[in-house]
There are 2 protein chains.
Amino acid sequence: MANKKTTITEIARALAITPSAVSKALNNHPRISDTTKEAVAAMAKKMNYQPNHLASALRKGKSNLLGVVIPMANISFFSSVVKGVEDVVNAEGYNVIISQSHDSFEKECTNIEALLKTQVDGIIASIGNETTDLQHYENVKEKGVPLIFFDRVDESLGVDTIIIDDYLGAFRAAEHLIDQGCKRIAHIGGHKHVPLYHNRIKGYLEALRTHHLPIEEELIWESGLEIKDGREITEKLLALSNPPDAIFASSDYSALGAQQLLLEQGINIPDEIAIIGFSNEPFTSYVTPSLSTVNQHSEQMGQRAAKIFLERMASKNKTDFMQNQTVLTPELIIRDSSRRGT
Amino acid sequence: MANKKTTITEIARALAITPSAVSKALNNHPRISDTTKEAVAAMAKKMNYQPNHLASALRKGKSNLLGVVIPMANISFFSSVVKGVEDVVNAEGYNVIISQSHDSFEKECTNIEALLKTQVDGIIASIGNETTDLQHYENVKEKGVPLIFFDRVDESLGVDTIIIDDYLGAFRAAEHLIDQGCKRIAHIGGHKHVPLYHNRIKGYLEALRTHHLPIEEELIWESGLEIKDGREITEKLLALSNPPDAIFASSDYSALGAQQLLLEQGINIPDEIAIIGFSNEPFTSYVTPSLSTVNQHSEQMGQRAAKIFLERMASKNKTDFMQNQTVLTPELIIRDSSRRGT
DNA sequence: TAAGTTTGTTCAATCGTTTGAACAATTTGA
DNA sequence: TCAAATTGTTCAAACGATTGAACAAACTTA
């Protein structure tokens, strides 16, 4: 079809100079004269030259590719993080490769392997729910590829991490419900082996203790935090001889499930039972009543992770391997599902 | 840190053979003996060898990278399409680079350029709302890089396209409202210069004509289709001396805006005014009342686009440049917002 | 004006892998 | 038994860009 490729060699030929002169001109090397630089630039434009990134990446040992591994792209939290990452690294000439693990351990492993094979310069990841063995991440570390965990992190590997203060978020969420006059607050939690959910449970418990409310095992549940989990657990909660007057769910989806069930049962939200979720997924503001939740500052989280990556790239002298542990402060978002009239 | 790199040269040295023998062994070349292949495989595993993708990509002139350009990743439709694409191409050894244009013409151009520079093997794109000049896409074509448009396409470039039958989707949506007994159906449409929205308007009009309903200009609006547009237009519709008894919105977001306003005004949905949206965004099933909508088969669309890409790669003999125009059939999803009791 | 410095360019090696051609060793066929 | 075919491997040249060293020419400086 078209003259598919213009290489620096061709530009060189056209100008009767050497490829290396062209390369240096394009890279603005100080020893190249302005005249040559201009001539090269003009010819490059004229010949519609597009640098071959692979060649330079190979030579420089740097692909300018950043891998991001997330459980799901269609969860708004994660796509926002990705947006934050992109905003920061695109400006520095990096491209982002996103791969989804769908919370499958196997897929996560193959994704990591694919990214390493593609010679990404770094990996930003959120660990899948299924994952307990971290060998594939060890691998990344061994290869000397910067690795940064966000949200679902593991401290044991000694890599950079960035999370929100889940404990505090949960504490505030529970405290807010207490402020609204709730006395029996149920918790729809995630699996305790995931640190982040564990921290939320602790925050919830501490809030109860602080305000001298009894802790009742029958009100505390663990689950996969999907919509159906919210429904099922809420059903069980309603069946109790003494049902709760509030539900704090560790995800917006499970909170939504709870809300749907309550609405179907004709239970008034928030007066009979108040609800608060976690993550500030967009839909929480669309539903009726709008759902209170906790904002995780997803985009900021991505930006921060990206900046840490860039710092790692800048200081490849690996002498100062100080682990970077960033904790962002969550923000309570109070909406109709928990705002009781005074 | 670690012995960061194992190359085929090192494997070769360890086995006292040449790098080319190693390369051929790894690639299962027929002329290499099974003994050698096994020895190489064993040594590769032992030395934790990871092929350098950049080098092979450079040599082979093929990066195994596929670029996907979408307006927004946090719109579920687009992330589903991406998922469909990934499912298909990952299996064939490709990685996907996603870049978002945020409906900015400038960003779209730089994205395309970045992808070309990265030497992607192909590009799957949905044209941004702002875009009217297609020079950057011409560029892709000129370079001989397979280009496939989906959803927001442009036929004039002569590249492969994949869309749903927007006309039919709109026709059915409007017809469904008519079936429910609605007589004055308003339309919250997108900008007419985007073919897809134009087709939906045509489908809507044709449904009215088919069922002998009058077409009233005051009921037909163009907008950016966001939540606020839905609210504003609905407000205007309610102010009419003869307000509509149904609203067909060209996006789920604008349908949601309409719904919110109607609920605030205490208007019964669907009995006083029925609503139907377009796209089947997940939140449509979460809101109350749940929103009727049109399913665009997003994941299938992505899969189809990916398959077309793979076909193009397989037949790089570019003799048979038959443009591939796929049209998927949309599916009506009827929920509470338009289902009137009989 | 001879020695030293600066300027602008070319040379040549390199990144790690691939691949057709070449070649030696072995096997087959008539 | 000698030529032909097969098998398994090595050779060497790519792919396109980068980069330190080398070098010639021009310019300073004493």
Side-chain angles (χ1 to χ4, degrees), chain A residues 3-41 43-44 47-65 93 116-121 143-144 316, chain B residues 3-41 43-44 47-65 93 116-121 143-144 316:
Chain A
N3 52 334
K4 296 202 11 192
K5 52 189 75 169
T6 310
T7 69
I8 53 168
T9 316
E10 314 213 339
I11 298 180
R13 190 164 20 239
L15 292 171
I17 55 176
T18 56
S20 51
V22 174
S23 170
K24 286 176 179 161
L26 290 171
N27 290 301
N28 201 26
H29 187 106
R31 293 286 267 286
I32 295 288
S33 68
D34 290 346
T35 5
T36 309
K37 282 180 187 167
E38 280 160 28
V40 168
M43 184 57 77
M47 298 177 77
N48 192 23
Y49 170 71
Q50 204 90 42
N52 185 326
H53 179 258
L54 293 173
S56 82
L58 174 60
R59 179 60 229 259
K60 297 206 274 200
K62 185 162 174 302
S63 67
N64 273 55
L65 252 30
L116 286 178
K117 208 169 62 187
T118 314
Q119 310 288 118
V120 292
D121 290 337
K143 287 235 156 19
K316 267 285 203 182
Chain B
N3 52 334
K4 296 200 14 191
K5 53 190 74 168
T6 309
T7 68
I8 54 168
T9 315
E10 314 213 339
I11 298 179
R13 189 164 19 237
L15 293 170
I17 53 175
T18 56
S20 51
V22 175
S23 170
K24 285 176 179 163
L26 290 171
N27 289 301
N28 202 26
H29 188 107
R31 292 286 267 286
I32 296 289
S33 68
D34 289 346
T35 5
T36 309
K37 282 181 188 168
E38 280 160 28
V40 168
M43 184 55 78
M47 299 178 76
N48 191 23
Y49 169 71
Q50 204 89 43
N52 185 326
H53 179 258
L54 294 173
S56 83
L58 173 60
R59 178 59 230 254
K60 297 205 275 198
K62 184 161 172 304
S63 67
N64 273 55
L65 252 27
L116 286 178
K117 207 170 62 187
T118 314
Q119 309 288 118
V120 294
D121 291 337
K143 287 237 157 16
K316 268 283 203 181

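Naming: A, B, ... by sequence-line order, numbering from 1 per chain. It should be emphasised that the depicted structure is a prediction, and the values quoted were computed from it without experimental measurement.
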(message) Taking only side-chain N and O atoms of S56(B), does any of them lie within less than 4.0 angstrom of OP1 or OP2 on dT17(C)?
(response) no
(request) Could you state the atom-to-atom distance from NE2 of H53(B) to C1' of dT18(C) in whole Å? (result) 14 Å
(message) Both P19(A) and L58(A) contact DNA chain C. Taking the nearest nucleotide for each, which residue is further toward the 5' end?
(response) P19(A)
(request) May I have the distance from I32(B) (atom CD1) to dT19(C) (atom P), rounded to whole angstrom? (result) 13 Å
(request) Write down the distance between CZ (R13(A)) and P (dG16(D)), rounded to a whole number of angstrom. (result) 11 Å
(message) Name the residue from M47(B), Q50(B), M43(B) that meets the side chain to side chain contact (heavy atoms under 4.5 Å, CB included) definition with T6(B).
(response) M47(B)
(message) dT18(C), OP1 or OP2 - any side-chain N/O from S23(B) closer than 4.0 Å?
(response) yes
(request) Write down the distance between CD (Q119(B)) and P (dA17(D)), rounded to a whole number of angstrom. (result) 8 Å
(request) Would you mind reading off the distance between I8(A) atom CD1 and dC15(D) atom P, rounded to a whole angstrom? (result) 12 Å
(message) Need to verify one output field. Residue with the more 5' nearest nucleotide on DNA chain D, T35(B) or P51(A)?
(response) T35(B)
(message) Using side-chain heavy atoms (C-beta onward) and a distance below 4.5 Å, is L58(A) in contact with N52(B)?
(response) yes
(request) Identify which nucleotide among dG16(D), dT9(C), dT17(C) has an atom closest to any side-chain atom of A55(A), counting heavy atoms from C-beta outward. (result) dG16(D)
(request) Quick one: label S33(B) by what it contacts on the DNA or RNA (base, sugar-phosphate, nothing), any heavy atom closer than 4.0 Å. (result) sugar-phosphate
(request) Of all the heavy-atom pairs spanning I8(B) and P19(B), show the shortest one and how long it is. (result) CD1-O, 3.7 Å
(request) May I ask you to verify if any side-chain N or O of N27(A) is less than 4.0 angstrom from the OP1 or OP2 atom of dA17(D)? (result) no
(message) Between T9(B) and dG16(C), is there a contact of a side-chain N or O with OP1 or OP2 at under 4.0 Å?
(response) no
(request) Using a 4.5 Å cut-off on heavy atoms from C-beta on, say whether the side chain of R31(A) contacts that of K24(A). (result) no
(request) Measure the distance from NZ on K117(B) to P on dA17(D) and round it to the nearest whole Å. (result) 13 Å
(message) If you compare every side-chain N and O of Y49(B) against the phosphate oxygens of dT17(C) (OP1, OP2), does one of them come in below 4.0 Å?
(response) yes
(message) By nearest atom, which of the nucleotides dA17(D), dT9(D), dT18(C) is closest to the R31(B) side chain?
(response) dT9(D)
(message) Using whole Å, what does the distance between atom C1' of nucleotide dT7(C) and atom NZ of K37(A) come to?
(response) 12 Å
(message) Categorize L54(A) for me: base, sugar-phosphate, or nothing, with a 4.0 angstrom heavy-atom threshold over every strand shown.
(response) nothing
(request) Ignoring hydrogens and angles, tell me if any N or O in the side chain of S63(B) forms a donor-acceptor pair with the backbone of L65(B) under 3.5 Å. (result) yes
(request) State whether T7(B) places a side-chain N or O below 4.0 Å from either non-bridging phosphate oxygen (OP1 or OP2) of dG16(C). (result) no
(message) Could you tell me if S23(A) and S20(A) have a donor-acceptor pair between their side chains, going purely by distance under 3.5 Å?
(response) no
(request) Mind checking S20(A) for me? I need base, sugar-phosphate or nothing, with any heavy atom below 4.0 Å counting as a touch. (result) base
(message) Please report the distance, rounded to the nearest Å, between NZ in K24(A) and C1' in dG16(D).
(response) 16 Å
